[in-house]
Amino acid sequence: MATLDQKSPNVLLQSLCCRITGKSEAEVAHQFQYAVRVIGSNYAPTIERDEFLVSEKIKKELLKQRREADAALFSELHRKLQTQSVLKHRWSVLYLLLSLSEDPRKPSSRVGNYGALFAQALPRDAHSTPFYCTRPQSLALGYGERSAGLSASVGTSGISSLGVYTLNGPTPTPQSLQPPQSAAGGGQPLGSRLAWTLPVSCSPSSALKRYHSLNFHGDWNVSEAALVRDILYVFQGIDGKFIKMSAQDNCYKIDSKVVLCKSLRDTSSRLAELGWLHNKVRKYTDARSLDRAFGLVGQSFCASLHQELKEYYRLLSVLHSQLQVEDEQGVNVCTESSLTLRRLLVWMYDPKVRLKTLAALVDFCQGRKGGELASAVHSYGKTGDPHMRALVQHILSLVSHPILNFLYRWIYDGELEDTYHEFFVASDPNVKTDRLWHDKYSLRKSMIPSFITMDQARKVLLIGKSINFLHQVCHDRTPPAKITPASKSADTPKDAAELLSDLEGAFQEKIDAAYFDTSKYLLDVLNRNYLLLEHLQAMRRYLLLGQGDFIRHLMDLLKPELVRPATTLYQHNLTGILETAVRATNAQFDNAEILKRLDVRLLEVSPGDTGWDVFSLDYHVDGPIATVFTRECMGHYLRVFNFLWRAKRMEYTLTDIWKGQMCNAKLLKTMPELSGVLHQCHILASEMVHFIHQMQYYITFEVLECSWDELWNKVQQAQDLDHIIAAHDVFLDTIISRCLLDNNSRSLLNQLRAIFDQIIEFQSAQDSLYRSALEELTLRLQYEEKKRQREGEWGVTAEQEAEEKKRIQEFKETIPKMRSQLRILTHFYQSIVQQFLVLLMTNSDESLRFLSFRLDFNEHYRAREPRLRASLGASRGRRLSNI
C-alpha cells in the first residue's frame, strides 16, 4: 500500500515541485497548489498541424539570421522530402527542428504574430457558435487521457467529462488563429503537455519562481497582468490568488487586502461574472450527465450545454495562448498589443451573453424532463435577438431529437420504448386487451412539447393506438409499412432542426398522412370483418324497438307468460318464444351473426313483480365491437329498453282496453244503469290514449329518430374510431336525457311511472267492471230465456221473480261503488298528469315544454291547475331571470 501511495500523482507532483525549487515539502505548498491548478486547467496552445506554416517559419528564421543560402537549400530539401514517403510525420520533425533552433535567451519570433493578432479585435470565428460541435485539436490533456490518467487524483476542471459524448468532426480554425502546432497528440506524455502550460522562454523552475514572486511574496499592489491571469482562471470557475468565490454572497470577489483602483476593481468584477455563469451551467451538466433517470431528452440537453462550453473553452485557449506569448516575451507592462482587462471585457461580451442565456435556461429547466423540458427550451426561442434565437434553436434541435424519434417509432411501428416517461404518450401495462382502446394509452399533457399542438398530439396518440388495436384486438397481421408508408425520420439533430422549422408544413403533412391512412384502414377492418355498422343498426332495431312487427308479435306471444309472477318464469321458455317471433317476422332475414347475439335477459326479481317487470332483451358483444359497445353503453341500452318496453306495454294495454270497450258496448246496451259508468270509462280511456300516443310520438320521432339520424350521419363522416365512439356516446346520452332517464329528470320519470301505474290500475278496474256486468247480463239473459220457453204458462214463480229482482237490485247497488272507484281513479290520474305537465312547463328542454302543450292541446288540464295558466313566454322569462 505504501508503494502505491508513493507512486500516486499527488506524491509525484509534490516531489517534482521540490526537485525544481530545491526546497522541502513544507516550503513548496504554494507552488504545489499552483501546479495542481495548472494541470487541472484547460489552457493549451492553439497550434494546428500545418506543415507548410512550420516550413515557412523556418525559412523566416534563416532569413532573419541572414542565411539566404541555407533558406534556399532548406526549401529544396523540403520539396524533395515531400516527394518521398520515408517520413510519415514530417510536420513533427519540422516543428522539432524549429523548437531546437529557438534560443531561450532571445525573444520568441512568435510575439510579433500574436501581438498583431491581439492588437485587433478578436475574430468572430473564435467566438462560441451553436454549430461548432467539437474542441480544437490543440487542447491539452485529451479527454480520454485525462479520464484515464488524472481521474483518480486531480479534480476535473474545464471539459474533462465531455469525453462520453460523441460529436461531429473538428471545426477548422481561421488562418489568423493558427500558430505553429506541437506534436502533442493523443499519445503525448503528461509531462510534455504540462510543459506547454508553462512559458517556453524559461525553465519550469524560473516560471514558478516568477509567479511565486509576483503573487505570493509580492506586495498587494497587484498589476493588471496578474489580474488578467487570475481572471482567466475565474473564467473556468477556478479560484485565483486575488479573486475567489464567496460562498456567502454566491459571487466572485476580489480580496479586500488587494489595493486596486476603482476602474480595475469594477472591470474585474464584471469579468468575474462569467466564472459564476460558467459554474452555474457546469454544475447543472455535471449533476445531470450521469443521471439516467433524466432520460434521453435531458441527456441531449446536457450534450448541447457541453457543446457550448467547449466553444467557450476554445476561446479561453486562445486567450491563454496570448498570455503565454507575453510571458515568453517578458512583458510586464501594458503595451499596445498586450492582453488587458478592457480588451477582455470587449472580447468576452458575446460569450457572456451566451452564458447568461444558458444560465437562464438552466434555471428555467430545473426539475423538468422529457417533453416538458423541450417546451421550456422552445419558449426561450421566442425572442427578437437573432443570435440568441439561433442559439436556442440549436439547443432545441438537439433536445427534440429523441422526442421526434419516439414519435416516428410510435406512428410508423406502434412501438413505445419510453423507459424514463419522457414522451407525451403514456402506456399502462396492467390494462387488459378488451380495454386497450379506452384505457391502455393516454396523453401526458405536461409532456406535450409546446411546438406540438394538442390536435397533433391527439392524432399521434390515435395513430399508434390504432396500430396496436389492429395487432392485438383485431388480430390483423398487416405490416404497418403497408398501412402507411414510413417517411424519413429525424435521424440526426439536423433533420430535427429542419422539421422544427416547418412545423405547419412537412411535419403536419407527415402526421396527417399517417393519421388518415391508419384510421381509414382500421375502420375498413371493423366494417368488413366485424360488421360494426350492422351491429349498430341491430341495436336500433331490437334494443330500441325499431323493428315494429317483431316487437308487436313478441308481445303477443309473451303476454300469457309475462302476466304470471316473475318467480315462475324460465329463461329457456322465453328464449324459445323469442326464436319463434324472429322466424315469424322480417327479423328472420337479418345476418345470422346478428341473430345469434340476440337473447333474453331476466332482471332482478322484487316481491310482487310480474313477468312484465323483469323481462328484457339482451345483445351479446365481444371482440373489437366491444370497444364501441362497452359495458357502460350496454347498461344504457338496457335502461332505455326497459323504459321503451314499459311505454310500449302501456300502448298495448290501452289497445286491449279500447278493444274491450268496443266489443262490450253493444252487449251492455240492455243495461241502461251502466251507461254512466261506461261513459266515465270511455272518457278516462280517451285521456290515457291521448297521453300515451303523444308520449310515444315524442319518444319515437323527436328523440329516437332524430338522434339516430344525427348518429348515422356522424358515423358515415367519421375519420377515426374515436369519432364513432364519441358520436355513439352522444347518441346514448341524448336519448337517456330526453327519455327522462337522467338524474335531472328523476321527478318527471317518477310522475310518468305513476301515470303508467294508473293505466294498469284502470285496466284492472275496467276488467272487473266488465266481468261483473257480463255476469249480470248472462244471468238476465238466462232468466228471460226461461220466460220464453214457458210462454202461455206461468214462466217463473213468484219466488223466482222476487229473487231476480233482488239480485238486480243488489247489482244496481254496486254501480255507485264502481262509479266512485272510477272517479277516484280519474282524480288521481288527472292530478298526476297535471303535476307532470307543470314539471314539463318548467323544464329547460324546449322540446319537453312543447310536449306539455300537445298533451294539453285543448287546455283541459290548464283549467283545473292554476300553475299551468302561465304562458310559455312568461315561464321562459322567469327562468332567464332566475339564471
*Distance-only side-chain donor-acceptor flag, Asn743 / Arg746, under 3.5 Å*: yes
*Say you draw a straight line from CD1 of Ile577 to CG of Asp556; how long is it, rounded to the nearest 0.5 Å?*
11.5 Å
*asked:* Is it the case that the ring center of Tyr542 lies less than 6.0 angstrom away from the ring center of Tyr619?
replied: no
*List the steps and the verdict of side chain to side chain donor-acceptor pair (under 3.5 Å) for Ser747 and Asn750.*
CA-CA 5 Å; Ser747 57; Asn750 291 335; over 6 Å; no
_Salt bridge or not between Arg552 and Asp549? Use side-chain N to carboxylate O under 4.0 Å._
no
*For the residue pair His535 and Glu593, confirm or rule out a side-chain donor-acceptor distance under 3.5 Å.*
no
*What pair of heavy atoms forms the shortest contact from Met454 to Ile448, and how long is it?*
CE-CD1, 3.7 Å
*Do the ring planes of Phe756 and Phe643 sit parallel (below 30°), tilted (30 to 60°) or perpendicular (above 60°)?*
tilted
*Quick one: CE on Met695 to CG on Leu851, what's the gap to the nearest 0.5 Å?*
5.5 Å
*How far apart are the C-alpha atoms of Leu638 and Leu617, what are their side-chain angles, what is the distance that settles it, and do they pass the side chain to side chain contact (heavy atoms under 4.5 Å, CB included) test?*
CA-CA 8 Å; Leu638 181 60; Leu617 288 181; over 6 Å; no
*Report yes or no: do Asp476 and His471 form a side-chain donor-acceptor pair below 3.5 Å?*
no
*Output field: ring centroids Tyr441/Trp410 closer than 6.0 Å*: yes
*asked:* Can you tell me how far apart NZ (Lys648) and CZ (Phe641) are? Round to the nearest 0.5 Å.
replied: 11.5 Å
*asked:* Pair His306, Phe301 - check side chain to side chain contact (heavy atoms under 4.5 Å, CB included), show working.
replied: CA-CA 9 Å; His306 277 304; Phe301 180 55; over 6 Å; no
*Do the ring planes of Trp708 and Trp712 sit parallel (below 30°), tilted (30 to 60°) or perpendicular (above 60°)?*
parallel
*Just say parallel, tilted or perpendicular for the rings of Phe731 and Tyr637, cut-offs at 30° and 60°.*
tilted
*Could you give the distance from OG (Ser300) to CG (Leu396), rounded to the nearest 0.5 Å?*
11.0 Å
*When you check the side-chain N and O atoms of Thr478 and Tyr521, is any donor under 3.5 Å from an acceptor?*
yes
*With under 30° as parallel and over 60° as perpendicular, where do the rings of Tyr408 and Tyr412 fit, or are they tilted in between?*
parallel
*On the 0 to 90° scale, with breaks at 30° and 60°, tag the Phe451-His378 ring pair as parallel, tilted or perpendicular.*
perpendicular
*Can you say whether the rings of Tyr284 and Phe294 are parallel (under 30°), tilted (30 to 60°) or perpendicular (over 60°)?*
perpendicular
*How far does CE of Met447 sit from CD1 of Ile452, to the nearest 0.5 angstrom?*
13.0 Å
_Measuring from atom CZ of Arg540 to atom OG of Ser707, what distance do you get when rounded to the nearest 0.5 angstrom?_
9.5 Å
*Go through the steps for His421 and Arg444 under the test side chain to side chain donor-acceptor pair (under 3.5 Å), then give the verdict.*
CA-CA 9 Å; His421 310 296; Arg444 290 192 190 100; 3.0 Å; yes
*Please confirm whether Arg631 makes a cation-pi placement over Phe629, using NZ or CZ under 6.0 Å from the six-membered ring centre and within 45° of the ring normal.*
no
_Applying side chain to side chain contact (heavy atoms under 4.5 Å, CB included) to Thr610 and Asp613, what does each step give before you reach the verdict?_
CA-CA 6 Å; Thr610 63; Asp613 299 316; 3.3 Å; yes
*Do Asp845 and Arg849 meet the salt-bridge criterion of a basic N to acidic O distance under 4.0 Å?*
no
*Within a reach of under 6.0 Å around CZ of Arg389, are more than 12 heavy atoms found that belong to other residues, nucleotides or ligands?*
yes
*Quick one: closest heavy-atom pair of Leu407 and Phe507, and the distance?*
CD1-CZ, 4.0 Å
*In plain terms, say whether Lys369 and Glu422 are close enough for a salt bridge, that is, a side-chain N and a carboxylate O under 4.0 Å apart.*
no
*asked:* Do the side chains of Glu651 and Arg646 get close enough for a salt bridge, i.e. N-O under 4.0 angstrom?
replied: no
_Does Glu604 have more than 12 heavy atoms from other residues, nucleotides or ligands lying within 6.0 Å of its CD?_
no
_Leu748 and Gln751: CA distance, side-chain angles, deciding distance, side chain to side chain contact (heavy atoms under 4.5 Å, CB included) verdict_ = CA-CA 5 Å; Leu748 275 170; Gln751 293 295 321; 5.7 Å; no
*Before giving the answer on side chain to side chain donor-acceptor pair (under 3.5 Å), spell out for His723 and Gln717 the whole-Å C-alpha distance, their side-chain angles and the decisive distance to 0.1 Å.*
CA-CA 9 Å; His723 288 167; Gln717 299 170 5; over 6 Å; no
_Looking at Lys520 and Asp720, is any side-chain nitrogen of the basic one under 4.0 Å from a carboxylate oxygen of the acidic one?_
no
*Going by the side chain to side chain contact (heavy atoms under 4.5 Å, CB included) test, name the single residue among Asp618, Leu574, Asn573, Leu569 that passes it with Val600.*
Leu574
*asked:* For a salt bridge (charged side-chain N to carboxylate O under 4.0 Å, His left out) check, start with the C-alpha distance between Arg541 and Asp590, then their side-chain angles and the critical distance, and finish with the verdict.
replied: CA-CA 11 Å; Arg541 290 198 301 270; Asp590 275 347; 2.9 Å; yes
